[in-house]
Protein chains: 2
Amino acid sequence: MVKNKQATQDKLIKAVGEVLADVGFSGVGVNAVAKRAGVDKVLIYRYFGSFDKLCLAFAQSADFWPSLKELIPDPEVLSAMGTAERVTLVLKRFTTSLRKRPLTLEVMAWELLERNAFTIELENVREASGLELNRFMQDLSSNTTRDSTDEIDWLAITAVLSAGMQYLALRARKINVYNGIELNKDEGWMQLERSIETLIAGVTT
Amino acid sequence: MVKNKQATQDKLIKAVGEVLADVGFSGVGVNAVAKRAGVDKVLIYRYFGSFDKLCLAFAQSADFWPSLKELIPDPEVLSAMGTAERVTLVLKRFTTSLRKRPLTLEVMAWELLERNAFTIELENVREASGLELNRFMQDLSSNTTRDSTDEIDWLAITAVLSAGMQYLALRARKINVYNGIELNKDEGWMQLERSIETLIAGVTT
DNA sequence: ATGCAATGTCACCGCATGGTGATATGGTGT
DNA sequence: ACACCATATCACCATGCGGTGACATTGCAT
């Protein structure tokens, strides 16, 4: 038995993610996490105060949500595009980033059912990130030559489309088909991407 | 104490819905449902075999999912429209019908996290309903004069858009704002509907 | 009215959960 | 070497869960 507070804390935080990944949200609890960390559960209360606080620590530690620079590593490239192409590209990247994060998806699904430390924390990160992204996109737009797309409600349009891709990413975890689209195959997702292209392109013509 | 099998079964089935509505999915269990029905939980096992089967009975009893004739009570009106208007209208109706069903939304959210009697049954109903709807829409289209919209991937487009509205309906239960859209106000939803109009109209021009 | 199956009640089991107090053991400064 | 405090362990509690067997009551056919 080695005694090292920091290491134990880290083990606990890591264990939350592992349990979440292994057995899903329903298995995430004091006993399971402590067992997984190979540590007594009482340490959760000693070091984090409560289980919720531990969850919160985990939510802050991992990169749950696609960061701005993950979505837009190349602002100068984007700024050379028209609004439609730019929005399309970012939506695609957003979807891809999301699908790469099984833990985020698990918590996002959770978020639709319960409000707890996890979901509230993710919510905060997401809101901040969304605002940042919108601001960024607006800045890019204002640098672009003004065109016929100015009076379009991009906020609402991206809301519907990003919500759609999020929902499909969530469903894909459990169910393979939605409305005839095969969510378990890349072909299905390409089909969806093409739809987004078509939809957004149509708006600007 | 009155003895009436049928009445007791009905009480149990009804209680599932009440518990689900009151405390959400996490409270749905043998004990809570039996208590709510004012009946001993052993009767669940006697009459339904298992708790899952009771849930299944409930899922089948309620009108969980918008029926075809709820979405399209007026096929002759729709058949007089162009494809774009028709798809738009049905999508709007679909959204409205969904938002009126808090229990369905609860189970749909549940569905993204767990597969159980409830969610699997709803899944079946939904699949059947979706197929029926798609077939119906296709029939309507074939009655319409052929136009430039023929080669469009309507399946994928309606998938994205309906998925988006579903996700937003789910989120609206817990969180009031998404990407700047106020999901707790009718104005927000009208904004979303207008986006759908714009998007679909754009595709066909 | 009587007998008996159908219906409903109750008490209990094993198990897992979140949470806590007393206790043992390791690391560290003197 | 010792003492001491932070660190970690263990045993335990109350509670709620799904599930089951033994028992009481009702209603109905004879």
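Just so you know, these numbers use all the heavy atoms, side chains as well, and skip hydrogens, waters and symmetry mates. These figures come from a predicted structure and were not determined experimentally. Residue numbering restarts at 1 for every chain, and letters A, B, ... go by the order of the sequence lines.
Listed for the A/Arg99 side chain is no donor-acceptor partner under 3.5 Å among the backbone atoms of A/Ala169.
The stretch residues 11-32 of chain B touches DNA chain D through B/Gly29, B/Val30, B/Asn31, each having a heavy atom within less than 4.0 Å of the strand.
Between the C1' atom of C/dT28 and the CG atom of A/Asn4 lies a distance of 14 Å, rounded to the nearest Å. We find that CG of B/Leu43 is positioned 11 Å from P of C/dC10, with the value rounded to whole Å. For B/Asp52 and D/dG19, the CG to C1' distance is 13 Å, given to the nearest whole Å. Rounded to whole Å, atom P of C/dT9 lies 15 Å from atom NZ of B/Lys35. Rounded to an integer number of Å, the gap from B/Phe51 CZ to D/dT20 P is 15 Å. Spacing between atom NZ of A/Lys5 and atom P of D/dA8 amounts to 9 Å, rounded to whole angstrom units. The nearest whole Å value for the distance from the CD1 atom in B/Ile44 to the P atom in D/dC17 is 12 Å. Straight-line distance from the CG atom of A/Asp10 to the C1' atom of D/dT7: 15 Å, rounded to whole Å.
Between C/dG8 and B/Thr8, a contact under 4.0 Å exists linking OP1 or OP2 to a side-chain N or O. Taking side-chain N and O atoms only, A/Tyr47 has a distance below 4.0 Å to OP1 or OP2 of D/dA8.
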### Query
Going through the checks in order, is the side chain to side chain contact (heavy atoms under 4.5 Å, CB included) test met by A/Leu170 and A/Leu112?
CA-CA 11 Å; A/Leu170 287 175; A/Leu112 296 175; 4.2 Å; yes

### side chain to side chain contact (heavy atoms under 4.5 Å, CB included) assessment of A/Gln191 paired with A/Ser195
CA-CA 6 Å; A/Gln191 219 178 326; A/Ser195 297; 5.7 Å; no

### Task
For B/Thr8 and B/Asp10, run side chain to side chain contact (heavy atoms under 4.5 Å, CB included): C-alpha distance rounded to whole Å, both residues' side-chain angles, the deciding distance at 0.1 Å, then the answer.
CA-CA 5 Å; B/Thr8 302; B/Asp10 291 348; over 6 Å; no

### Task
Start with the C-alpha distance between B/Glu182 and B/Asn176, add both sets of side-chain angles, then the distance that settles side chain to side chain contact (heavy atoms under 4.5 Å, CB included), and finish with yes or no.
CA-CA 6 Å; B/Glu182 298 186 289; B/Asn176 292 331; over 6 Å; no

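Aromatic rings from B/Phe58 and B/Phe48 are positioned such that their centres are separated by 6.0 Å or more.
No side-chain donor from either of B/Trp189 and B/Glu193 sits under 3.5 Å from a side-chain acceptor of the other.
Residues that satisfy the side chain to side chain donor-acceptor pair (under 3.5 Å) test with A/Gln9, not counting sequence neighbours, are absent from this structure.
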Which atom pairs link the protein and nucleotides 20-26 of chain C when you take only N or O atoms and keep those under 3.5 Å?
| unit_1 | atom_1 | unit_2 | atom_2 | d |
| --- | --- | --- | --- | --- |
| C/dT25 | O2 | A/Lys3 | NZ | 2.1 |

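The aromatic rings of B/Phe25 and A/Phe25 sit tilted relative to each other, their planes meeting at an angle between 30° and 60°.
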